Number of protein chains: 2
Amino acid sequence: MTSQPAFRRAEPDERRASLIEACARVLAREGAAGASVRAIAVEAGVSPGLIGHYFGGVDALIAATYAHVEARVADALDQAVSAAGDDPRARLDAYVSASLLPPIADSELLSTWIAFWSLVRARPEIAGLHDEQYGRFRAGLEALLSASGVPAENLRRIAIAVTALVDGLWLELCLSPRTFAEGEAAAIARSGLAALISTVR
Amino acid sequence: MTSQPAFRRAEPDERRASLIEACARVLAREGAAGASVRAIAVEAGVSPGLIGHYFGGVDALIAATYAHVEARVADALDQAVSAAGDDPRARLDAYVSASLLPPIADSELLSTWIAFWSLVRARPEIAGLHDEQYGRFRAGLEALLSASGVPAENLRRIAIAVTALVDGLWLELCLSPRTFAEGEAAAIARSGLAALISTVR
DNA sequence: CGAATTGTTGAACGATCGTATAACAAGCGC
DNA sequence: GCGCTTGTTATACGATCGTTCAACAATTCG
């Protein structure tokens, strides 16, 4: 009977990634209050001490998890836009629709965001992270709007409005999915987008 | 030397109200993570046991605090609408603008909402509370929209869109106030509202 | 003024939190 | 195969969490 290894040594990056994914799962399942060092360690199948070893503290792990999830969302949106072809207006619609359909409109994703928002209010250095990510999202949207013929002087205003419309719908959709019929939120967002754009074209 | 009373007995309703207000202050100052039984009790100047006595648990107190703060917000909006006079369109603008100006656009208010959203995800009976309050807000907005000439068949769609626009702007404004110039969010909301309405009039 | 009422206290409980650290062992180079 | 490096474990620590409850005292009522 050969004794198998009690644990496996992993590459730092690989281990970091597995901790981030475990953290995301715990956040989704139990919410911000349940995302303790121990719960995350159990989910990742490692010892609690490893989180301190790799991230220095839970807050840093949650921030890293947010950055990771946010990157996945950005990827999914990019993919949806690419799949829409070359017509600028169709790409814009695809961006808005994808934001309000699975897998992005996922009530479990909201837990990650809520946990991060809590940190934004409590820790100034994390507020900077949020500003960066929000700015990146808006810049992407401004590019799509510009390609659709929105003049430069209205770009900021329209982009902020469309972002707010989508975010507000996304939030409510995640908080109480039963309020909306299948695809209703995405449809409302598309017609809202059309209305917001029509004023400057 | 007459010894003064060590504490004052209060009417149940009065004490409940003071605990709710203390909870709101703690939420605003320290966020959801800092709203512990002890911190709230210190803020209210009472013993920790009183919270259990009146509310049964911290979660119930936070839910009551949310209901209270939400009622104050609803009052402030009603007042803004009334002050706008009789013109339906002006009332609508007042509603939207007030949502995005002090004291409603207050980054400390966001802490209360975040704490409550965390509970919505974790506790089903609180999710029902949220649905009620969201429905109440939207019903009020539908009345304003209807008075402004939005036809009944578009009421739900437009109300949801306007609510989302305002909520999304409110959220971002609270999360990073420095992103917006003074009054910019309110101005964007007003022009967005005009665009959303113009499609059905 | 004395007794009943009950709002309030404050300590104690067990659980769980985040972090630090000494001991251990997996994997690599020699 | 052996020793070195270092990723990993497991435990311990002090702090803080939510809740409970017997004792206390402010107030009311007879």
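Treat the numbers as computed from the prediction; the structure is a model and nothing was measured.
Using a 4.0 Å cut-off, some side-chain N or O of B/Tyr54 falls inside it from OP1 or OP2 of C/dT8. Between A/Ser36 and the phosphate of C/dC17, there is a side-chain N or O to OP1/OP2 separation shorter than 4.0 Å.
Taking the six-membered ring where tryptophan is involved, the planes of A/Tyr66 and A/Phe116 are essentially parallel, since the angle between them stays under 30° and well short of 60°.
Counting only heavy atoms from C-beta outward, the side chains of A/Val200 and A/Pro151 approach each other to under 4.5 Å.
The nearest whole Å value for the distance from the CG atom in B/Leu50 to the P atom in C/dA11 is 15 Å. In this structure, A/Ile51 atom CD1 and C/dT21 atom P are separated by 18 Å, rounded to whole Å. Separating the CD1 atom of A/Ile40 from the P atom of C/dC17 is a distance of 10 Å, rounded to the nearest angstrom. What separates CG of A/Asp59 from C1' of C/dG18 is a distance of 10 Å, to the nearest Å. Atom-to-atom, CG of B/Leu19 to P of C/dT8 comes out at 9 Å; the value is rounded to the nearest Å. To the nearest angstrom, P of D/dC17 lies 12 Å from CD1 of B/Ile62. Regarding A/Phe7, its CZ atom lies at a distance of 7 Å from the P atom of D/dT8, rounded to whole Å. With rounding to whole Å, A/Leu119 atom CG is found 14 Å from C/dG18 atom C1'.
Comparing atom distances between the A/Arg38 side chain and each of D/dT9, C/dG10, C/dG18 picks out C/dG18 as nearest.
Within 4.0 Å of B/Gly52, counting heavy atoms only, lies no atom of the nucleic acid at all.
Judged by distance alone, with hydrogens and angles left aside, B/Arg8 brings no side-chain donor or acceptor close enough to the base of C/dG7 to form a pair under 3.5 Å. Between the base of D/dT6 and the side chain of A/Arg9 there is a donor-acceptor pair shorter than 3.5 Å. Taking 3.5 Å as the limit, the base of D/dT8 and the side chain of A/Arg15 contain no donor-acceptor pair of atoms between them.
With respect to the salt-bridge test (charged N to carboxylate O, under 4.0 angstrom), the residues B/Asp87 and B/Arg91 do not qualify. Under 4.0 Å is where a charged nitrogen must lie from a carboxylate oxygen, and between B/Glu184 and A/Arg156 at least one such pair does. Ion pair B/Arg16/B/Glu11 not flagged as a salt bridge, since none of the NZ, NE, NH1 or NH2 atoms sits closer than 4.0 Å to an Asp/Glu carboxylate oxygen.
Between A/His53 and B/Val37, the residue whose closest nucleotide on DNA chain D is further toward the 5' end is A/His53.
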